[in-house]
Amino acid sequence: MFIGHIALPNRLFAAPMAGVTDRPFRQLCKRLGAGYAVSEMVTSRKDLWTSLKTSRRANHDGEVAPIAVQIAGTDAQMMAEAAVYNIDRGAQIIDINMGCPAKKVCNKWAGSALMQDEPLALEIVEAVVAASAPRNVPVTLKMRTGWCATERNALRIARAAEAAGVAMVTVHGRTREQGYKGHAEYDTVAAVKAALRIPVCANGDIDSPEKARDVLARTGADAIMIGRAAQGRPWIFREVRHYLDTGAHLPAPTVAEARAEILLHLDDHYAFYGETAGVRIARKHLGWYTKDLPGGDAFRREVNGLEASAEQIAAVGRFFDTLAEQGERLDYRATVAAIVDAHSIFVKSRQEPQRGGEALAA
Ligand SMILES: Cc1cc2nc3c(=O)[nH]c(=O)nc-3n(C[C@H](O)[C@H](O)[C@H](O)COP(=O)(O)O)c2cc1C
């Protein structure tokens, strides 16, 4: 799998997610089997490039290649300058955001809103390609299926982008109007794939090895991109890879492995953000890691009140010590089974009033 001249180790990509796919998370995903990970979007507004948030997003020290930076904006010249700025800071691939409901930039909505203005979208693509090509940096485009159900213009934009020199297109199988509601559809992704010569990546609702296999088969896409399902379960990449390679399921990570990966992730976090912000930002990741595990609720309540990295690390240690007593591997089903069980007791108790005529859960 290539993006332009850049070879990738596999076709499993981590989706760009603002507030999630920071450098530590991208490193983690790549360590656990993602062949490619795109940065959180970087604004095209020059006045924000020196802000702490944007300068962190443009920091790729020690990141495993290829380094891919997503840029967001509404002005072709500013987007071209943003491409050059990020290339000068290590970007090897520039991705244009037309897939995410990005914030207003210069009084216009950026990201997927651009799909409503095809001439502007194309002007941006051409300007970014013109700025990046002389630096030997491929440009990719991430978009949705269209603006709304009656305006699915992904195919038209993808064709124009290919003609303008874009090296890969990613399509999230929802319209902008849908936000994250409903289900992703893959017919539009398949139509884009069938029409283009450049690689096409399918995205949206891929949350298991079977779904990955099905989306690849249904769309004929060259690659798949996983976003939300990797939150708290970054090992999904190696699980999907193993399944696609062998047809068999990789066992869930051992408790010891998960603990080691999470502690490594935390270390990276504290080093990247510093103590105070590092502890605060790590809370959401710890919440995701433990969401469906036994004792996860109590752990999250505890961790949300901790302010020091040493306390956070100790809490993670205690949580995984307890898990290790219950089994060798992570068992997400244990919690799901407990919930189902509690639900069936609840339903049963409503149907079968206790002696004395009172329902248990009434
Ligand atoms: C918290 C969050 C932040 C996101 N930020 C971006 C972004 O900065 N750029 C972008 O193109 N897409 C962004 N997305 C969209 C994802 O890249 C992806 O297209 C979407 O989540 C669908 O994939 P999934 O079902 O695998 O999560 C974001 C999604 C989430 C949940």
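Along the sequence shown, residues are numbered consecutively beginning with 1. Start at 1 and go down the list; that is how both ligands and their atoms are numbered.
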Review item, side-chain donor-acceptor pairs of residues 119-137, under 3.5 Å, at least two apart:
| from | atom 1 | to | atom 2 | distance (Å) |
| --- | --- | --- | --- | --- |
| S132 | OG | V128 | O | 2.8 |
| R135 | NH1 | A131 | O | 2.7 |

Taking the six-membered ring of Y332, is the NZ or CZ of R233 close enough (under 6.0 Å from the centre) and on axis enough (within 45°)?
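Ring-cation test returns yes.
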Judged by modelled atom types alone, do E210 and H249 share a side-chain donor-acceptor pair under 3.5 Å?
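Yes, a side-chain donor-acceptor pair sits under 3.5 Å.
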Would you tell me whether Y273 and D22 have side-chain atoms, one donor and one acceptor, within less than 3.5 Å of each other?
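Side-chain D/A pair, Y273 to D22: present.
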Applying a heavy-atom distance cut-off of 4.0 Å, which protein residues contact ligand 1?
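Under the 4.0 Å cut-off, ligand 1 touches A15, P16, M17, A18, M41, Q70, N97, C100, K142, H172, Y180, N203, G204, D205, I226, G227, R228.
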Below 3.5 Å, can you tabulate the donor-acceptor pairs from side chains in residues 262-269 to any protein atom, sequence neighbours excluded?
| from | atom 1 | to | atom 2 | distance (Å) |
| --- | --- | --- | --- | --- |
| H265 | ND1 | Y289 | OH | 2.7 |

Give the table of side-chain donor-acceptor pairs shorter than 3.5 Å for residues 158-171, with sequence neighbours excluded, one pair per line with atom names and distance.
| from | atom 1 | to | atom 2 | distance (Å) |
| --- | --- | --- | --- | --- |
| E162 | OE2 | R197 | N | 2.6 |
| E162 | OE2 | I198 | N | 2.9 |

